[in-house]
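Working notes, beginning with the structure itself.
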Amino acid sequence: MSNNKPYVRLDRDNAVVLLVDHQAGLLSLVRDIEPDRFKNNVLALADAAKFFNLPTILTTSFETGPNGPLMPELKALFPDAPYIARPGQINAWDNEDFVKAIKATGKKQLIIAGVVTEVCVAFPALSAIEEGFEVFVVGDASGTFNELTRDAAWRRMEAAGAQMMTWFGVACELHRDWRNDIEGLGALCANHIPDYRNLMTAYNSLQAK
């Protein structure tokens, strides 16, 4: 008997982005990826959410304590997005307002990233799967203490049915076809991948001839 599961691809008409606890204090704990690269990946995912016009929900945990405030860049990118400052719940899914905001979108695919991976990402991901949502975890926009804790979290989520992705994979799967907007997707990639900027520079020079 085959254990292969059907290919469930992201659908831009059925997806919502959840940015969970990208807070100043928690960001200082991330050691499984370089700080500059991690911040770039988080902002790349955020820019992708804007590019594809995906509903986006921001949440923080106990931000008046050591976890600290949300990354200011995220608040600036999504000034009108639902913003749930949880008073204490560690699992965002335990916060009624957070779940209500998700269900209000009517979307069934959740694209989740956050800090730290084995708690702030894994707990709501597992809870959402239990309630029948399709969960896509953006691994390179989520961070934690080290590779050991990260890998344990990834395995736990995968075993429950979550799909592990990267922000670049998310962007390409949502876009589906270059002909939908070559320059738009190219610019998104170039803004966050230096080598891709070289590729787009070469492409633009050819187009200008």
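If you read the sequence from its start, that first residue is 1, and numbering goes on from there. Below, all heavy atoms of this structure are taken into account, side chains as well, without hydrogens, waters or symmetry copies.
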### Query
Is it true that Leu110 and Phe123 fall in one hydrophobic cluster, defined by side-chain heavy atoms closer than 4.5 Å?
no
### Query
For the residue pair Asn14 and Gly106, what are the closest heavy atoms and their distance?
OD1-O, 4.1 Å
### Query
Donor-acceptor pair, Gln109 side chain versus Asp11 backbone, under 3.5 Å?
yes
### Message
To the nearest 0.5 Å, what is the distance between OG1 on Thr56 and CG on Asn53?
### Response
8.5 Å
### Task
Apply salt bridge (charged side-chain N to carboxylate O under 4.0 Å, His left out) to Arg86 and Asp21, showing your working.
CA-CA 10 Å; Arg86 309 191 310 282; Asp21 302 353; 2.9 Å; yes
### Query
Are Tyr83 and Thr60 side-chain neighbours, meaning at least one heavy-atom pair lies under 4.5 Å?
yes
### Message
Show the nearest heavy-atom pair for residues Val115 and His22, with the distance to one decimal.
### Response
CG2-CD2, 3.8 Å
### Message
Taking atom CZ as the centre, does Arg37 end up with more than 12 heavy-atom neighbours from other residues, nucleotides or ligands that are less than 6.0 angstrom away?
### Response
no
### Query
When rounded to the nearest 0.5 angstrom, what is the spacing between CG in Leu77 and CG in Leu43?
7.0 Å
### Query
Hey, is CD on Glu96 packed in by over 12 heavy atoms from elsewhere, all under 6.0 Å?
no
### Task
Mark yes when over 12 heavy atoms from residues, nucleotides or ligands other than Lys50 sit less than 6.0 Å from its NZ; otherwise mark no.
yes
### Message
I need the Lys108 NZ to Glu134 CD distance, nearest 0.5 Å.
### Response
8.5 Å
### Message
Distance check, rounded to the nearest 0.5 Å: Thr117 atom OG1 versus Asn146 atom CG?
### Response
10.5 Å
### Message
For Arg12, I'd like to know if atom CZ has over 12 heavy atoms of other residues, nucleotides or ligands within 6.0 Å.
### Response
yes
### Task
Please report the shortest heavy-atom distance between His192 and Asp47, naming the atom on each side.
NE2-OD2, 2.6 Å
#### Entry: Heavy-atom pair of closest approach, residues Asn95 and Pro87
ND2-CD, 3.9 Å
What side-chain donor-acceptor pairs closer than 3.5 Å can you find for residues 67-74, not counting sequence neighbours?
unit_1: Asn67; atom_1: ND2; unit_2: Ser61; atom_2: O; d: 2.9
unit_1: Glu73; atom_1: OE2; unit_2: Lys39; atom_2: NZ; d: 2.7

### Query
Do we see a donor-acceptor contact under 3.5 Å between the side chains of Asn91 and Ser127?
yes
### Query
Would you say Phe133 and Lys107 make side-chain contact, with heavy atoms under 4.5 Å?
no
N/O donor to acceptor pairs below 3.5 angstrom from side-chain atoms of residues 29-36, sequence neighbours left out:
unit_1: Arg31; atom_1: NH1; unit_2: Ser28; atom_2: O; d: 3.1
unit_1: Arg31; atom_1: NH2; unit_2: Ser28; atom_2: O; d: 3.4
unit_1: Asp32; atom_1: OD1; unit_2: Thr144; atom_2: N; d: 2.9

### Query
Are any of the side-chain heavy atoms of Arg176 and Arg9 separated by less than 4.5 Å?
yes
### Task
State, to 0.1 Å, how close Leu188 and Ala171 come at their nearest heavy-atom pair, and which atoms those are.
CD2-CB, 4.0 Å
Output a table of donor-acceptor pairs, distance under 3.5 Å, between side-chain atoms of residues 161-169 and any protein atom two or more places apart or on a different chain; print 'none' if there are none.
unit_1: Gln163; atom_1: NE2; unit_2: Val8; atom_2: O; d: 2.9
unit_1: Thr166; atom_1: OG1; unit_2: Gly169; atom_2: N; d: 3.1
unit_1: Trp167; atom_1: NE1; unit_2: Asn41; atom_2: OD1; d: 3.4

### Query
Looking at CD1 of Ile112 and CD1 of Ile102, how far apart are the two atoms once the value is rounded to the nearest 0.5 Å?
7.0 Å
### Contact check, side chains of Pro66 and Phe62, non-hydrogen atoms, under 4.5 Å
yes
#### Entry: Val17 and Val170, any side-chain heavy atoms less than 4.5 Å apart
no
#### Entry: Derivation of the side chain to side chain donor-acceptor pair (under 3.5 Å) call for Glu130 and Trp93
CA-CA 11 Å; Glu130 189 177 33; Trp93 207 266; over 6 Å; no
#### Entry: Minimal non-hydrogen separation, Ala113 against Val121, with atom names
C-CG2, 3.9 Å
### Separation of Leu58 CG from Phe98 CZ (nearest 0.5 Å)
9.5 Å
### Query
So does Ile182 have more than 12 non-hydrogen atoms from other groups sitting under 6.0 Å from CD1?
yes
